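Quick caveat, the model's predicted, so the values are computed rather than measured.
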Amino acid sequence: MRITMIGGGYVGLVSAACFAEFGVEVAVVEADPGKLAELRAGRMPIYEPGLEALVAANVASGRLSFTADLPAALAETGAVFIAVGTPSRRGDGHADLSYVFAAAEQVARALTHPAVIVTKSTVPVGTGRRIAQLLAEVRPDLACAVASNPEFLREGSAIADFMRPDRVVIGVEDEAAREVLRQIYRPLYLIETPIVFTNLETAELTKYAANAFLAMKVAFINEMADLAEKTGADVHDVARGIGLDGRIGRKFLHPGPGFGGSCFPKDTLALMRIAQDAGAPSRLIESVVAVNDARKAGMAARIIAACGGSVRGKTIAVLGLTFKPETDDMRDSPALPIVSRLIGDGARVAAYDPQGMEQARALLPEQVEYCQSALKAAEGADALVVITEWNEFRALATARLAETMRGRVIVDLRNIFDPAAMRGAGFAYHGIGRRSG
Ligand code: UDX
């Protein structure tokens with residue numbers, strides 16, 4: 001079986017490499033010449049553990065290739081996956097579908113035989129149906145079926161998520177197209193992965209509902225953390241206490257500075273708009289969006305309060321800039337409003353992130369100083385702030401930190417340190433949702 005992947009971004013690249021690993025022949029179409037050249041040279045445009053090796057192995061086996069030549073990539077293809085970006089449209093929060101429709105139209109014009117057109121990008125409910133209409137208009141001579149196959153992979157563990165997913169969701173209404181997708185996902189059938197076959201609209205809504213529900217869990221535990229701080233409770237015990245209830249589940253109950261990344265902020269906003277437009281507004285999702293925005297914007301105030309009310313002239317070491325560990329992605333990272341506010345208030349910021357500093361440079365104020373290690377960032381700092389929970393920060397020796405820093409304030413926005421140990425080492429430790437001191 002040959003398939004085509006339109007778009008060599010996060011979802012497209014990971015999916016293509018993993019499909020190739022399943023034994024399918026995959027041609028990735030990448031329109032950006034710079035990105036294409038990098039991919040052909042074996043260099044990944046993103047940092048994702050294991051991706052470079054997986055791509056290299058499948059390119060070597062001849063199952064994975066990168067091209068700008070759409071007609072060639074469509075030759076003998078059985079399915080065309082559209083994995084182009086769907087950024088938030090400026091101003092209104094709706095997903096911008098111009099890339100998706102442009103890709104669908106180009107594919108329709110270039111196809112020489114019928115194929116299944118599959119959306120992998122997260123697209124608003126109704127998009128698959130609109131693509132079907134477009135195909136019927138542009139190529140009434142070809143009977144192309146449309147399917148929706150949303151991707152649930154997480155950055156940082158994308159390959160494992162793809163190869164061993166909890167489930168696969170496929171919206172498809174045509175019997176032959178369903179068979180094509182069943183063939184492509186055959187290796188997952190063999191490991192008994194549940195596959196939810198449904199209609200187009202349901203698959204599209206399922207993707208938004210999944211992300212919105214997880215985002216809601218995070219927003220919920222963050223509110224409980226605030227409440228725990230006010231009442232003397234410990235939010236980790238609350239999370240464990242509720243999470244052990246199988247109906248709730250333990251995952252996604254870790255408090256922090258608010259969710260970021262390429263999906264949760266964009267998808268909650270888009271779902272909010274979809275629901276409003278459909279005449280069934282979701283007050284819950286609207287609250288999640290508002291609560292999370294306010295949380296990220298308010299995080300700097302916590303740091304300033306921990307520093308005695310002002311950071312003017314103080315040096316703040318910032319550990320972690322990316323929206324989560326094991327990625328170089330800075331999109332909607334809580335670090336953006338936090339660092340900007342600290343600089344705006346007159347602090348000197350010395351930052352370190354194991355992967356994200358290059359991306360960060362373009363987005364953060366130019367005054368930020370980038371350091372080669374966590375300890376270098378901590379040198380002479382009045383306060384140290386953990387924004388992203390990279391594993392290497394957990395292993396920092398408190399004695400070394402105490403020696404290196406000038407001040408004693410630690411604001412741990414991910415609760416990676418043990419509060420008692422930190423207090424024992426003489427730090428004024430501030431975590432999230434548990435006793436400070
Ligand atoms: C998410 C979904 O998990 C994935 O299924 C979807 O395909 C894309 O969006 P990702 O954005 O890579 O994946 O990251 P994820 O691990 O889900 O974290 C999202 C955000 O929530 C991060 O900012 C993270 O720090 C935050 N988070 C997550 C918490 O603050 N607490 C938690 O307990 C979990």
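To the nearest 0.5 Å, atom OG1 of residue T119 and atom CG of residue L97 are 10.0 Å apart. Of the inter-residue distances, the one linking I159 atom CD1 with E21 atom CD reads 9.0 Å to the nearest 0.5 angstrom. To the nearest 0.5 angstrom, I195 atom CD1 is 6.5 Å from T193 atom OG1. Remark: L384 CG to D412 CG distance equals 9.0 Å, nearest 0.5 Å. Taking CE of M422 as the reference point, atom OH of Y429 lies at 7.0 Å (rounded to 0.5 Å).
Residues that satisfy the salt bridge (Lys or Arg N to Asp or Glu O under 4.0 Å) test with R394, not counting sequence neighbours, are absent from this structure. Under the side chain to side chain donor-acceptor pair (under 3.5 Å) criterion, T206 pairs with no residue, sequence neighbours left out. Looking at residues two or more places apart in sequence or on another chain, you find no salt bridge (Lys or Arg N to Asp or Glu O under 4.0 Å) involving D328.
Remark: K376 fails to qualify as a cation-pi partner of Y352 under the 6.0 Å distance and 45° angle criteria applied to the six-membered ring. The cationic atom of R408 (NZ for Lys, CZ for Arg) lies less than 6.0 Å from the six-membered ring centre of F427 and within 45° of the ring axis. Annotation: cation-pi geometry not satisfied between R331 and F323 (NZ/CZ under 6.0 angstrom from ring centroid, within 45° of ring axis).
Taking the charged nitrogens against the carboxylate oxygens, R434 and D234 have no contact shorter than 4.0 Å, which rules out a salt bridge. Salt bridge K324/D329: absent, no basic N to carboxylate O contact under 4.0 Å.
Without hydrogens or angle criteria, D161 side chain to L153 main chain gives no donor-acceptor distance under 3.5 Å. In terms of modelled atom types and a separation under 3.5 Å, the side chain of K296 and the main chain of D332 share a donor-acceptor contact. Judged by distance alone, the side chain of K120 and the main-chain N or O of A83 form no donor-acceptor pair under 3.5 Å.
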What donor-acceptor contacts under 3.5 angstrom involve side-chain atoms of residues 265-284, with partners at least two apart or in another chain?
from: K266; atom 1: NZ; to: T86; atom 2: O; distance (Å): 3.3
from: K266; atom 1: NZ; to: T86; atom 2: OG1; distance (Å): 3.3
from: D267; atom 1: OD2; to: N211; atom 2: ND2; distance (Å): 2.8
from: T268; atom 1: OG1; to: F264; atom 2: O; distance (Å): 2.6
from: T268; atom 1: OG1; to: P265; atom 2: O; distance (Å): 3.1
from: R273; atom 1: NE; to: D92; atom 2: O; distance (Å): 2.3
from: R273; atom 1: NH1; to: Q276; atom 2: OE1; distance (Å): 3.1
from: R273; atom 1: NH2; to: D92; atom 2: O; distance (Å): 3.4
from: Q276; atom 1: NE2; to: E286; atom 2: OE2; distance (Å): 3.0
from: D277; atom 1: OD2; to: H94; atom 2: NE2; distance (Å): 2.7
from: S282; atom 1: OG; to: I285; atom 2: N; distance (Å): 3.0

Show me the side-chain donor-acceptor pairs of residues 254-263 shorter than 3.5 Å, one per line, residues at least two apart or across chains.
from: H254; atom 1: NE2; to: R414; atom 2: O; distance (Å): 3.0
from: S262; atom 1: OG; to: E155; atom 2: OE2; distance (Å): 3.1

Show me, pair by pair, the donor-acceptor contacts under 3.5 angstrom made by side chains of residues 123-136, not counting sequence neighbours?
from: T127; atom 1: OG1; to: P124; atom 2: O; distance (Å): 2.6
from: R129; atom 1: NE; to: E201; atom 2: OE2; distance (Å): 2.9
from: R129; atom 1: NH1; to: E173; atom 2: OE1; distance (Å): 2.9
from: R129; atom 1: NH2; to: E173; atom 2: OE1; distance (Å): 3.3
from: R129; atom 1: NH2; to: E173; atom 2: OE2; distance (Å): 3.0
from: R129; atom 1: NH2; to: E201; atom 2: OE1; distance (Å): 2.7
from: R129; atom 1: NH2; to: E201; atom 2: OE2; distance (Å): 3.2

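Here the closest non-hydrogen pair linking I248 and G243 is CG2-CA, 4.4 Å.
Here the two rings, on F19 and F81, have centers that are under 6.0 Å apart.
Counting heavy atoms from C-beta on, the side chains of E229 and I432 come closer than 4.5 Å.
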